[in-house]
Amino acid sequence: MRWARSLAVSIAAAGLCGGCEPSRQSDARFVSIAEIKGFDPILCSDQYSAGAQIQVYEGLSEFHYLKRPLELVPLLAAAPPEISPDGLVYTFHLRDAVFQDDPCFPDGKGRKVTAQDFVWCWKRLFAVPSSTGSWIFEGKIKGLDEWRVAAQKVLTPLFDRVNQHYPAEGPEMSAVMAQEVAGLRAVDEHTLRVELVEPYPQFMWTTAMPFTVVYPHEAIEKYGVDLMNHPVGTGPYSAEDYWIFDRKITFVRNPTWHGGTYPTEGSPGDKEAGLLDDAGKKLPLLDRVEFVTITESQPRWLQFLDGKLDRVQTEREIWSQSMDENGELKPELFAKGVRIDRAPMSDLAYTVFNMDDPVLGHAAGDRGRKLRQAMCLAYDQKLWIDRMRNGFWSVPAFGPVPPTVAGYLPDAKSRFATRDVDAAKRLLAEAGFPGGRGLPEFDYEMNGSDTVSRVGAEIWRNCMAEIGIRTNLHANTWDQFDEKVKGRRAQTFGVAWSADYPDAQNFLQLLYGPFGSPNSNGANYNNPVYDKLYDRMKVMQPGPARDDVIREMLAIVNEDCPWSYTDHRVAYSYFRSWLLNFKYMDVNPWLFKYYRVDAAEKARVLGGTGERR
Amino acid sequence: MTAYVVRRLLYLIPLILGVALIVSVVYNSGLFGDAASKMLSKHATAAEVTQLRHDMHLDLPWYQQYWDFLGDIVRLDFGRSNQYHVKVSEMITRGAGPSLSITLPAFGIATVIAVSLSLLCASFRGRAIDRSILVVAVGLMSVSSLVYVIFGQYFLAYKLGWFPIHGYERGPGAIGFVALPIVIFVFLTIGPDLRYYRTAMLEEIKQDYVRTARAKGVSERTVLFRHVLRNGMIPILTRVVIELPFLFLGSLLLERFFGIPGLGGMTVESVIANDLPVLKAMTFVFAVLLVVGNLLTDIAYTIADPRVRLR
């Protein structure tokens, strides 16, 4: 063994291992569990890519770092917008900010951000047919939909098939991009005016989404589709040393950032947790952050234990190694400086009944409703949470809206979400299927073929078998599953939805009739009363009046049971004791500018050479 | 031989056309899902998906898509990845280095060790040393590759701290990161290689010329290294050259677990994401490498054994 040790020591001594940890004790290193796809905010909107983008790009607003439920605060807007009394016109005044220095500018010096930049970027977001975020403005901004039709007439034929690129920045498009849109105007250099078609209370949430960030048109003109690897933003960091497949992005402090300070207010308990110790300090608190991609759980966990990652999320493979039977961190890990943060997530897992199905769906009328109610009552959420979430990672769901979002009503719980096998059997008999007799075997579509998917599906099948309903499980790849759901051919299936923004509307739209498959209403639920209420609710500002409408909507769907509710997840984050100010935020789990590393604590915990062994 | 090489290179044309046809038809059959729908968000409408499919030429008949693909091949431009929007050719050129930095040295080390041990086995065939080596080789082959990875990462990297657990750096810094994957690769490949080479050496050692050499009093060392090894080169060369294209593909498992940004990990990601341009390019490049590898094998025969003539 001596030879191997000597070899390894030589390698380390030669400094060849230098890249495996940040260069200074005060730097930080975080991990993404999936590949980061790039820095074009309209093409890469998955959570991991957005987590990287948000370090470089900024929009008009951001979420308050500490307050829960989430609140918006201005970012590139100098203040909250002026909103007209009818809720249709939003006027934003921009703060002074400049883009990062980049060769895309004539002298390499970043220029000032103007309202026209927002207009240009939002037009690009809306015009490019492969944009993943155009839905946020569809039918919302006066004149924008009409402009898009005209813009796409020019843009679509320009599609470069080989490079998979719609050149919105091309010379052919310059006249189109310059066309005035009545509802989206730069009044002057610092003033952006947005006029909506109808009240859109969720509009303000969209100003904090990664889709609506600003970047210079010069960057798109220079890099085109290669903006993916050349982000140019206004944010606290710039990306250094980056190529998409190297699985490591190094963020360094942007010297031209407009600045910001650590929040001085938080939620109850934040002060006691030390989350306000840096209140009022200038951001960012870290000079340099490495963001690496590690797709396998073992190396992630070992690097975390080794002190080379500052934070990881819990997962099935490491739960038993790190937590005791009460769901608490094992003392030996606490002694090694591992800490844990628990935060409820804005999501919902549920089982869908296809309402197009003649036995289960609308066509079956009252019998179908009773059958669905019986199936919901037969389902064992607790068993699911025990087996699929280790008993701790989620809370049971009693409705479509998670407790963490605006519009959640704790008193509007479904009476069919708590398991009651006897009541389920009674309902089944009332539906004309005593003991399941007369029912066909139902198909349950799995969205994977792995063990975890199989276990989840088996729980469903066993629960249904208890009341005499036979279920056939079908393993699918994601594509096969997606195709079946979008083609309305999936009879029952399990899915999950994560909030795009923390508002009930984002969940309630999943049951809106006109959004049936292939759109987001995979249940193909179609209830005219519900739809009318949705149309009313979607234009109302959050508050008691909207809550009343939501309550009516929930009463309908909770009775109709197009879904069987499962759970809302709880995020368990492990972080090291030297990582200060960490507080999990569901919509953006990586907010590097607020974090700080206590170098002395890090050195103490790691003992200079690492704490393993 | 020049005429032979030229003729074999010309054979490449119909082969490439055939491979391109199969690749194009299979990947555009919808068997792997709809690439357009994957590029868009969960909110995309059917009309938006249809528009993008149309623009990407995914709604064209198979022969027109095949024609597009042939055009890409002629231009040597496989376009851009659907999910990363970077040039596939750039992905391949940047991924080849990290892949080869594991597979080439590991393959070289494993081959030298396997050939040496096979000679040892052949000269002591049937005896304890031969049987022991064989048992170890079979043992190494019987253990799942995942076990090597998990053990290496946990024990050698995390517990003993001899290697980095995960990561990669371009340039000389790569040595530290690829060392453990190389060790594991050697352990993974040495078993089957050793058994194959041992059989080849035993075939040679039974030959009359070996008996004659020994009868003439030639030393065992000369018999092994000058006669047996030289004549055993044909099966060795066959295996080595056939494996070369696979080295280019990298190691799917090792790259994923150790975070090596090579072609193996890239291919796995592309399969998961149904990234057609990358998959098409990788399948095509691999097929061409295999054909070229076969040609090189034939040429190498003539060098190893002058009796072989290429016509």
Side-chain angles (χ1 to χ4, degrees), chain A residues 4-5 7-8 11-12 15-20 35 37-38 40 43 45 129-130 132-135 152 156 159 161-166 225-226 228-229 243-248 292-296 298-300 302-303 305-306 308 477-480 482-483 486 500 518-520 610 612-613, chain B residues 32-34 37-46 48-49 51-52 55-57 68 72 75 77 79-87 91 94-95 150 153-154 156-170 172-173 175-177 179 256-259 261 265-266 269 274 277:
Chain A
R5 179 180 283 275
L7 174 67
I11 290 170
L16 299 174
C17 193
C20 56
E35 300 283 356
K37 296 188 172 68
D40 192 331
L43 298 181
S45 58
S130 55
T132 53
S134 55
W135 60 274
Q152 288 195 342
T156 306
F159 181 66
R161 181 189 64 83
V162 175
N163 288 308
Q164 310 272 326
H165 182 52
Y166 290 98
V225 67
D226 285 324
M228 287 288 183
N229 275 307
W243 195 77
I244 212 157
F245 271 108
D246 281 355
R247 301 195 172 96
K248 184 177 85 176
V292 295
T293 300
I294 307 180
T295 49
E296 296 296 331
Q298 165 162 298
R300 260 197 312 268
L302 294 181
Q303 286 225 318
L305 291 180
D306 210 19
K308 297 198 170 75
T477 62
W478 174 261
D479 289 322
Q480 290 166 335
D482 195 43
E483 207 173 88
K486 286 184 172 163
D500 294 297
N519 297 331
S520 52
R612 67 172 90 84
R613 301 175 269 279
Chain B
F32 300 93
D34 182 15
S37 152
K38 282 207 161 182
M39 278 172 72
L40 296 170
S41 79
K42 59 188 180 184
H43 296 275
T45 63
E48 285 164 344
V49 176
Q51 173 70 55
L52 189 57
D55 292 342
M56 291 170 74
H57 289 195
D68 279 347
D72 297 343
R75 289 191 304 272
D77 184 351
R80 287 181 186 255
S81 152
N82 282 346
Q83 50 169 350
Y84 299 101
H85 301 270
V86 290
K87 278 193 168 291
M91 288 166 77
R94 290 190 69 128
I150 290 172
Q153 223 162 30
Y154 182 75
L156 303 180
Y158 172 62
K159 279 286 182 189
L160 298 175
W162 290 357
F163 304 98
I165 296 167
H166 183 279
Y168 188 78
E169 239 180 44
R170 292 192 183 269
I175 297 170
F177 290 101
R256 203 169 156 85
F257 263 83
F258 287 96
M266 186 185 92
E269 280 298 320
N274 187 28

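Every chain is numbered from 1 and lettered A, B, ... according to where its sequence line falls, protein lines coming before strand lines.
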Counting only non-hydrogen atoms closer than 4.5 Å, does [X] touch chain B with its backbone (N, CA, C, O), its side chain (CB onward), both, or neither?
X         : value
Thr477(A) : neither
Asp482(A) : side chain
Val292(A) : neither
Thr293(A) : backbone

Once rounded to the nearest 0.5 Å, what's the spacing between atom [atom1] of [X] and atom [atom2] of [Y]?
X         : Y         : atom1 : atom2 : value
Arg256(B) : His166(B) : CZ    : NE2   : 10.0 Å
Arg300(A) : Ile165(B) : CZ    : CD1   : 13.5 Å
Glu483(A) : Trp478(A) : CD    : CH2   : 12.5 Å
His85(B)  : Asp40(A)  : NE2   : CG    : 7.5 Å

Item to complete: Please look at Phe258(B) and chain A and tell me whether the side chain, the backbone, both or neither of the residue comes under 4.5 angstrom of a heavy atom of that chain.
Response: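 Looking at Phe258(B), nothing touches chain A.
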
Worksheet item: For Asp55(B), is it the side chain, the backbone, both or neither that has a heavy atom under 4.5 Å from a heavy atom of chain A?
Response: both

Worksheet item: Taking C-beta and beyond as the side chain, do Tyr158(B) and Gln153(B) meet within less than 4.5 Å on heavy atoms?
Response: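 Counting from C-beta outward, Tyr158(B) and Gln153(B) never come under 4.5 Å.
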
Practice prompt. State, with a plain yes or no, whether a side-chain heavy atom of Trp243(A) is found less than 4.5 Å away from one of Asn229(A).
Written response: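 The answer is yes; the side chains approach within 4.5 Å.
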
Worksheet item: For the candidates Arg94(B), Glu269(B), Met56(B), Met266(B), which exhibits the highest count of non-hydrogen atom pairs separated by less than 4.5 Å from chain A?
Response: Arg94(B)

Fill in: Interface residue of largest heavy-atom contact number with chain A, from Leu52(B), Asp72(B), Asn82(B), Asp68(B), under 4.5 Å
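Ranked by heavy-atom pairs under 4.5 Å with chain A, first place is Asp68(B).
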
Discussion item. If you apply the rule side-chain contact (heavy atoms from CB on, under 4.5 Å), what do you find for Asp226(A) with Arg80(B), and how did you get there?
Written reply: CA-CA 10 Å; Asp226(A) 285 324; Arg80(B) 287 181 186 255; 2.9 Å; yes

Looking at [options], which one has more heavy-atom pairs under 4.5 Å with chain B than the rest?
options                                    : value
Asp500(A), Leu302(A), Asn519(A), Thr132(A) : Leu302(A)
Val225(A), Asn163(A), Thr156(A)            : Asn163(A)
Ser130(A), Pro129(A), Ser520(A)            : Ser130(A)

Worksheet entry | Check: Glu48(B) side chain, Thr45(B) main-chain N or O, donor-acceptor pair, under 3.5 Å | yes

